[in-house]
Number of protein chains: 2
Amino acid sequence: MDRKVATIQDVARIAGVSTATVSRTLSKPSVVARSTREAVLDAIETTGYRINATASNLRRQRTGTVIVLLPDIANPFFSQILAGLASVLTPAQYGMLIADTQSGPDPDEQLAHYLTSGQADGVILLDGTLSPRALDIPGRPPVVMACEWMDTTTPSVRVENARGAALAVGHLARLGHRHIGHVTGPTGNVLSETRLEGFRDALSALGLPLRDEWVIEGDFSMDSGAAAARAWLALDSRPTGLFLSSDQMAVGFMGELQRRGLTVPSDVSVVGFDNIEIARHLSPGLTTVRQPRTRIGVRAAEMLLSLIDTGLLEGPTEMIEVEFMARESSAAPPR
Amino acid sequence: MDRKVATIQDVARIAGVSTATVSRTLSKPSVVARSTREAVLDAIETTGYRINATASNLRRQRTGTVIVLLPDIANPFFSQILAGLASVLTPAQYGMLIADTQSGPDPDEQLAHYLTSGQADGVILLDGTLSPRALDIPGRPPVVMACEWMDTTTPSVRVENARGAALAVGHLARLGHRHIGHVTGPTGNVLSETRLEGFRDALSALGLPLRDEWVIEGDFSMDSGAAAARAWLALDSRPTGLFLSSDQMAVGFMGELQRRGLTVPSDVSVVGFDNIEIARHLSPGLTTVRQPRTRIGVRAAEMLLSLIDTGLLEGPTEMIEVEFMARESSAAPPR
DNA sequence: ATGAAAGCGCTAACAC
DNA sequence: GTGTTAGCGCTTTCAT
């Protein structure tokens, strides 16, 4: 085989045309004559020519790269969103540069770094704890958030978090629960706040009581779910139904209770949020609110591409629907 | 702020030096005089200059990109390896291009595509089912496998899979189990094969019997674990202890049994492989074999960088140790 | 419909 | 120790 890689020059020489024609054949085939087009394609075939993305990008003043900023690569929750992103970005010839905001020192500064570095044609934000002011950079590339944020002007893909919380509360209330508690996500995270707010609103809409001690602080992790179980056990008056802001916490919560000899749902009903794969494999199956994570990624990527290409967007925000999944971890309260 | 981005020319003009000196200041600071170096750094500061990676890469005939090929981005098992890879690659100024081998039609062809496309300075393979012949491409970039493979000549990071299986079997045998079964990973996957082989060898070394029907075929997924539970239930003579080739399958297995009213470990002892986070949050906690996944990623990335930079490697293969984690899903067999 | 030619921003010989 | 210069491979006016 050839020792060196073929360049556009080689193709041009073999096809007996100029490099400009080869370039056109690849980018705007309709403007070259059929016969020359075929000659060029033949030459490409015989040389095994592949366009050099670096040179192309340099000339076109773009990078061909999208930066994805997320709080934690190792969190499986994000991997499905990544899969959705990749399914759109890869065919569009964009590479994904994945960066972990929590690994470095100051996440906000990292965001600013990427926005000014010129290393990317666009940025996708999956970290809801970054400060909106970090986006105040003139001439920055387009940004799409695939998470809720204080800021409502930046393009974003959002999930019906408040409605999800209301579905969870409604479900428990319909089963007969009157004492319903909540385990939150991390403070300062907008997902946490929105779900907590949705939880509170749903309770008061139903005329159900809410005690402060029934709101237990978590951070989405399994460990914090296990800790919430211990907190719940220590309560004087325990809610009979619990809505947890993530399935991971629900897993930790149920596991801890079961290891202490309690039973779900006889002792307490549990509802999670996310519908991670394991939810239906647990015993009891975990009742939860499904978020279509792949779809979140797909839509975010599509919005970003549209922003990069045209600078335009149909609507600034897209809302993704959630779906309630009733399983066996919730039942009528003990009497 | 400036409308346009500063280039090396702007810096050179302001610092009163040539572009070459600016470039040197950044790449080999030791060769420029202290005073000029400071002037250049000042100019960089005031202009907010950031090196244009695309131009630099074009000139240096590299891409600054490493391609990571994995079977399934959405699988949490890989996300921790990715985190390990990123922790090495990002500081070294390499971007990770993540590609899913299972999304397209022919995985082998995809690998070949990336190898010839010149889109990357190196490739990291996390898919053990790709055919070794796909690597037979002259002039291809360096490849490191972070998974076992038939081929032992390609640089790779491996895990002591056979030893892990032996640890699992030894543990069950020590508890008194004499009828031990296995749920495999997908056929054709080297991880599966190696663990199955390790399982068989350990049994015969201990003089324990192995019936064909005690080896149940799985594919690493929770669903296949649940299916294995049904298969186990249907056996005439059931093994009292089971080693499953992945924790995900163990989760599916235990969940299915529990939903059918059986109890682990009273009815059957379960040992998994991986030590995914949930293992210790289950009830009962899952006995398993830990693989240090972040470390796998770190070492693979280090090996690849060394290969890219120097073309050399200390040893062609690095073996990563596994660690046995005894929890509550395994106990003495029912008598 | 096609070609000639001018760079995109940077680095690395090679001079001095 | 520093400057000059020639491209890396491609796209895109501007002519023809």
Side-chain angles (χ1 to χ4, degrees), chain A residues 2-41 43-44 47-65 93 116-121 309, chain B residues 2-44 47-65 93 116-121 139 309:
Chain A
D2 308 333
R3 190 79 205 89
K4 295 300 299 169
V5 179
T7 76
I8 201 171
Q9 314 257 17
D10 303 325
V11 176
R13 189 164 9 85
I14 292 179
V17 298
S18 74
T19 60
T21 301
V22 177
S23 181
R24 284 189 203 105
T25 308
L26 261 19
S27 55
K28 298 195 279 276
S30 56
V31 305
V32 311
R34 174 188 220 92
S35 57
T36 35
R37 187 169 54 215
E38 280 165 3
V40 170
L41 292 177
I44 288 178
T47 54
Y49 169 73
R50 306 291 261 267
I51 198 163
N52 179 322
T54 309
S56 169
N57 288 335
L58 174 59
R59 177 58 232 243
R60 294 163 61 193
Q61 296 285 76
R62 51 161 246 165
T63 66
T65 299
Q93 294 276 50
T116 55
S117 67
Q119 304 263 23
D121 300 326
D309 290 342
Chain B
D2 309 335
R3 191 80 207 88
K4 294 301 296 171
V5 179
T7 74
I8 201 171
Q9 313 257 18
D10 303 324
V11 177
R13 190 165 6 85
I14 293 180
V17 298
S18 73
T19 60
T21 301
V22 177
S23 181
R24 283 188 206 106
T25 307
L26 261 19
S27 55
K28 298 195 282 278
S30 56
V31 306
V32 312
R34 173 189 220 95
S35 57
T36 34
R37 187 169 56 213
E38 280 165 3
V40 170
L41 292 176
D42 277 358
I44 288 177
T47 53
Y49 169 73
R50 306 292 260 267
I51 198 163
N52 179 322
T54 309
S56 169
N57 287 335
L58 175 59
R59 177 59 234 243
R60 293 164 61 193
Q61 296 286 75
R62 48 161 250 164
T63 66
T65 299
Q93 294 276 52
T116 55
S117 67
Q119 304 262 22
D121 300 327
D309 291 343

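Letters A, B, ... mirror the listed sequences (proteins, then strands); counts begin at 1.
Listed by chain and residue number, nothing satisfies the salt bridge (charged side-chain N to carboxylate O under 4.0 Å, His left out) test with B/Arg60 (two or more places apart in sequence, or in another chain). Partners of A/Ile44 under the side-chain contact (heavy atoms from CB on, under 4.5 Å) rule, at least two apart in sequence or in another chain, are A/Val11, A/Leu26, A/Val40, A/Leu41, A/Tyr49. In this structure B/Ala39 satisfies the side-chain contact (heavy atoms from CB on, under 4.5 Å) test with no other residue, sequence neighbours excluded. A/Thr63 is linked by a side-chain hydrogen bond (donor to acceptor under 3.5 Å, both in side chains) to A/Asp121, counting only residues two or more places apart in sequence or in another chain.
Rounded to whole Å, atom P of C/dA1 lies 15 Å from atom CD of A/Glu38.
A side-chain hydrogen bond (donor to acceptor under 3.5 Å, both in side chains) check over residues 27-37 of chain A, counting only residues at least two apart or in different chains, returns nothing. Residues in residues 6-26 of chain A take part in these salt bridge (charged side-chain N to carboxylate O under 4.0 Å, His left out) pairs, two or more places apart or across chains: A/Asp10-A/Arg13. The list of salt bridge (charged side-chain N to carboxylate O under 4.0 Å, His left out) pairs with a residue in residues 48-58 of chain B, not counting sequence neighbours, is empty.
Among the protein residues, A/Ser27 comes within range of no part of the nucleic acid, since none of its heavy atoms lies under 4.0 Å from any strand.
DNA chain D is contacted by both B/Val31 and A/Val22; B/Val31 maps to the nucleotide lying nearer its 5′ end (nearest heavy atom per residue).
Chain B approaches DNA chain D over the interval D/dG1 to D/dG9, counting the first and last nucleotide 5' to 3' with an atom under 4.0 Å from its heavy atoms.
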(Q) Treating primed atoms plus P, OP1 and OP2 as sugar-phosphate and everything else as base, which nucleotides of nucleotides 4-9 of chain C get B, S or - for protein heavy atoms under 4.0 Å? (A) B-BBBB
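Atoms CG and CG, on B/Leu58 and A/Asn57 in that order, are 10.0 Å from each other to the nearest 0.5 Å.
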